There are 4 protein chains.
Amino acid sequence: MIEKKKLRIINATNRVISRVGIAGTTMRKIADEAGLSTGALYHHYKSKEEILYDAMDRSLSVSTRMAQETKQGKYNREEAIEQIGKDLKKRFNKIDENRIQFYLAQEAILGNEEILRKFGDKYQSWIGHVEELLQRIYEKQPTRYNKALASLLIGSIDGIVMQVLLRGNTVDIDDICEVYNQLLLEGIPALLDQWTE
Amino acid sequence: MIEKKKLRIINATNRVISRVGIAGTTMRKIADEAGLSTGALYHHYKSKEEILYDAMDRSLSVSTRMAQETKQGKYNREEAIEQIGKDLKKRFNKIDENRIQFYLAQEAILGNEEILRKFGDKYQSWIGHVEELLQRIYEKQPTRYNKALASLLIGSIDGIVMQVLLRGNTVDIDDICEVYNQLLLEGIPALLDQWTE
Amino acid sequence: MIEKKKLRIINATNRVISRVGIAGTTMRKIADEAGLSTGALYHHYKSKEEILYDAMDRSLSVSTRMAQETKQGKYNREEAIEQIGKDLKKRFNKIDENRIQFYLAQEAILGNEEILRKFGDKYQSWIGHVEELLQRIYEKQPTRYNKALASLLIGSIDGIVMQVLLRGNTVDIDDICEVYNQLLLEGIPALLDQWTE
Amino acid sequence: MIEKKKLRIINATNRVISRVGIAGTTMRKIADEAGLSTGALYHHYKSKEEILYDAMDRSLSVSTRMAQETKQGKYNREEAIEQIGKDLKKRFNKIDENRIQFYLAQEAILGNEEILRKFGDKYQSWIGHVEELLQRIYEKQPTRYNKALASLLIGSIDGIVMQVLLRGNTVDIDDICEVYNQLLLEGIPALLDQWTE
DNA sequence: GATGAATGAGCTTTCATTCAT
DNA sequence: TATGAATGAAAGCTCATTCAT
């Protein structure tokens, strides 16, 4: 029961954050969005900080879970890459979630240790999954550059998300997915050949 | 003379922004950082908004200029790519500037039209330069995917910057530069071949 | 309930205004006078302007109503004039209300359109009532000068109020009422005769 | 020399006051209007209060002098009354001066003792002059009501000025002057007869 | 004398938090 | 539990006044 209320509050909080950012999020806006009074918020949470923390935690968990889904498939190389392309497009189109992730990153960079640690975990696990994926679909000997490659592949997704947020529809997402696809199909193998020769 | 004071204020503002973010930047903090009283700030600027705008404008100009420097070189492919690698490393190490860029991006995403437009201009010009570069060093027929490729190459830089900010020294910058290098040397050509056959 | 608080704030505001004028009225003074914190004022009103507006509106309504009461009587000439004399004296003695009216007039003259309009309405209605009264008690043909006469009779009240405020007890209110009385009994009829012959 | 600068400052001050009121008058506005720097004001005056005082003093002196001019004439009744009518019209049309007078009255009522005393002096002298005038042109025995009558005649002028300021061109000044004229020609004699019988 | 940058108190307003109901 | 009025610190900003030049 109490959990239901809490969920309502953090959902409201995330909607508010996506609209006005973390700094612009006030208790009154959260209360209004959740259909509660400001006082009621304090029955479920001790402070604004706790609410924000829970809301951010939830957002990060969702995005971490999404990142981990990459590995799920057990297809061959072409199928796997095709699947990645689809996931990618979905990711680029979740504007609201991307905005929130972006605000959270900000919060972390500003010195919120808790959130920073969560981001660290998320990237570490994500990079690990991508490393595995690389090894699985390219079947090459792992080298010391595999982690860096994974990091770069992930970074390019984040970077494109940033461009989509900043430039809106002047970014052609389909073309970018196609390039990403070709990169995985042709570019990466050429790269890997270089190191493993 | 008055410009000197303005510059002092702007520099102080950028230091404050890099420390506490744009939302956390108050007139009092700027005044303290600049060694002035709050009232004095209003001699040189009509409002906080103007100060922030000038400070952001300056940061963005610097980063836009940096982005444009990419094209300067008149080397052959290997030399050009080597140069890019060096620039990249420099870029990754400018932590403070990267933080500010990140805060500015947030400001833009939150609805600051002026800043958003500047980011749009910056990316457009940057992508243009990278497109030219691609054509110059690979000497292939341009295809409809060239812009997307440029966008992706730039995005991957932003994404890595984000990881550096979020994960600190768990990202091995040298390795990433090496991978980026190999990508340009081996990966991209393999990609371009695909489209121009 | 909430209206009760608003009334308390408005009353406090009017006390403050009567003490220090509109320009000297600060939120802190209002809050202190009402026994509240400054923040609490913003629960009931969105801004200082709204508080001042409500306070001024209330003062003006009261004075407008007072002005309109003149017509009520259904007496003969002597009784009506006697009644006017009594009303006059009461009006002169409401020092605080007169002060506030005076401050409001200044506010209007300084360019507060809303208040200016209300004053316009008040005078228009007041002059109309006096015109009717003149016609009723003197039973002469109305001439083009009736409106001007009404305006002058009203103006002389305002002017005396001003003198009372500025000169205090050096103005003998009883004598002035007596003169006003005689003016209505003997002076005005002689005037009207002049125009209707 | 120094007096010339002081004059420039108080003229500038009066222009500013007439535009934005006493409370809205700032040192910077005075300095700008006078074509000086704020610092320069302090070479001639020790404080804002002194400047305002001098400016107000000057305005009040001018208006007191104007009030005293009434007596100058040495005409018969009709000529004197005609002259009064002309003066009246001039007075009503000096909008800027009337505004300033009004603001000064405010200042006095708010507790500025110095200004209050000056107003007291002005009215006392003005009333005295009008009393003399009444006696001269009507040649009746003076009664205890003469002072009150003078006060009322002066008050009605102030009251009309107030209406002109508040209602602008909806007051027909010519009509009012005509009524005032008739009041002096026919109304006042009828009044005086009453008391001296 | 003259300048205008600098000061700092005090203004209106916002907002996390508390608490009587 | 729930409400929303109340608190008070801190924000952006204004302005009389001072003072180095």
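Letters A, B, ... are given to chains in the order of the sequence lines, protein chains preceding strands, and every chain is numbered from 1. As the structure is a prediction and not an experimental result, all values here were calculated from the model.
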For this session: On DNA chain F, check which nucleotide each of C/R8 and B/T26 is closest to and give me the residue with the more 5' one.
Result: C/R8

Problem set entry | For atom CD of C/E50 and atom C1' of E/dT13, their distance in whole Å | 13 Å

For this session: Look at the side chain of B/T38 and decide which nucleotide, out of F/dA5, E/dA9, E/dT12, has an atom nearest to it.
Result: E/dA9

For this session: Using heavy atoms to find the nearest nucleotide of DNA chain E for D/A40 and C/K48 separately, return the residue whose nucleotide is more 5′.
Result: D/A40

For this session: Over all heavy atoms of both residues, which pair between B/R8 and B/A34 is shortest? Give the atoms and the distance, please.
Result: NH2-O, 3.0 Å

Exercise. With B/S63, which of B/K94, B/R58, B/E97, B/Q101 fulfils side chain to side chain donor-acceptor pair (under 3.5 Å)?
Worked result: B/Q101

Seminar exercise, completed: Ranking E/dA2, E/dA16, E/dA6 by distance to the side chain of B/L36, first place goes to E/dA6

For this session: Calculate the interatomic distance between A/L52 atom CG and E/dC15 atom P; express it in whole Å.
Result: 14 Å

For this session: Specify the separation, in whole Å, of atom NZ of B/K29 and atom C1' of F/dA11.
Result: 10 Å

Seminar exercise, completed: To the nearest angstrom, the CG-P distance between C/D32 and F/dT7 comes to 11 Å

Seminar exercise, completed: Taking for D/G35 and for B/S37 the nucleotide of DNA chain E with the nearest heavy atom, the one nearer the 5' end belongs to D/G35

For this session: Hey, which sits more toward the 5' end of DNA chain F by its nearest nucleotide, A/L41 or A/R28?
Result: A/L41

Seminar exercise, completed: Between A/M162 and B/A105, the two heavy atoms sitting closest are CE-CB, 4.1 Å

For this session: Return the set of residues passing side-chain contact (heavy atoms from CB on, under 4.5 Å) with C/L110 (not counting sequence neighbours), or none when no residue passes.
Result: C/Q106, D/Y103

Exercise. Does a donor on one side chain and an acceptor on the other come within less than 3.5 Å for A/D121 and A/T64?
Worked result: no

Problem set entry | D/K5, nearest nucleotide to its side chain (from E/dA2, F/dA2, F/dC15) | E/dA2

Exercise. Taking the side chain of D/M27 as its heavy atoms from C-beta onward, which of E/dA6, E/dT12, F/dA16 lies nearest to it?
Worked result: F/dA16

Problem set entry | Length of the line joining B/Y45:OH and E/dA6:C1', which is rounded to integer Å | 17 Å

Seminar exercise, completed: Sorted by chain and residue number, the ring-ring contact (aromatic ring centres under 6.0 Å, His included) partners of A/F119 (sequence neighbours excluded) come out as none

For this session: Send over the distance from B/Y42 OH to F/dA16 P, rounded to a whole Å.
Result: 17 Å

For this session: Might you point out which heavy atoms bring A/R99 and B/I109 nearest each other, and give the distance in Å?
Result: NH1-O, 3.4 Å

Exercise. Should A/H44 be listed as having a side-chain N or O under 4.0 Å from OP1 or OP2 of F/dA2?
Worked result: yes

Exercise. Separation of C/H43 atom NE2 from E/dA16 atom C1', in whole Å?
Worked result: 11 Å

Exercise. Given pairs defined as Watson-Crick or G-U wobble with both distances under 3.5 Å, what dot-bracket annotation applies to DNA chain F, with ( ) intrastrand, [ ] crossing, | other strand and . unpaired?
Worked result: .||||||||||||||||||||

For this session: Measure the distance from CD on C/E49 to C1' on E/dC11 and round it to the nearest whole Å.
Result: 15 Å

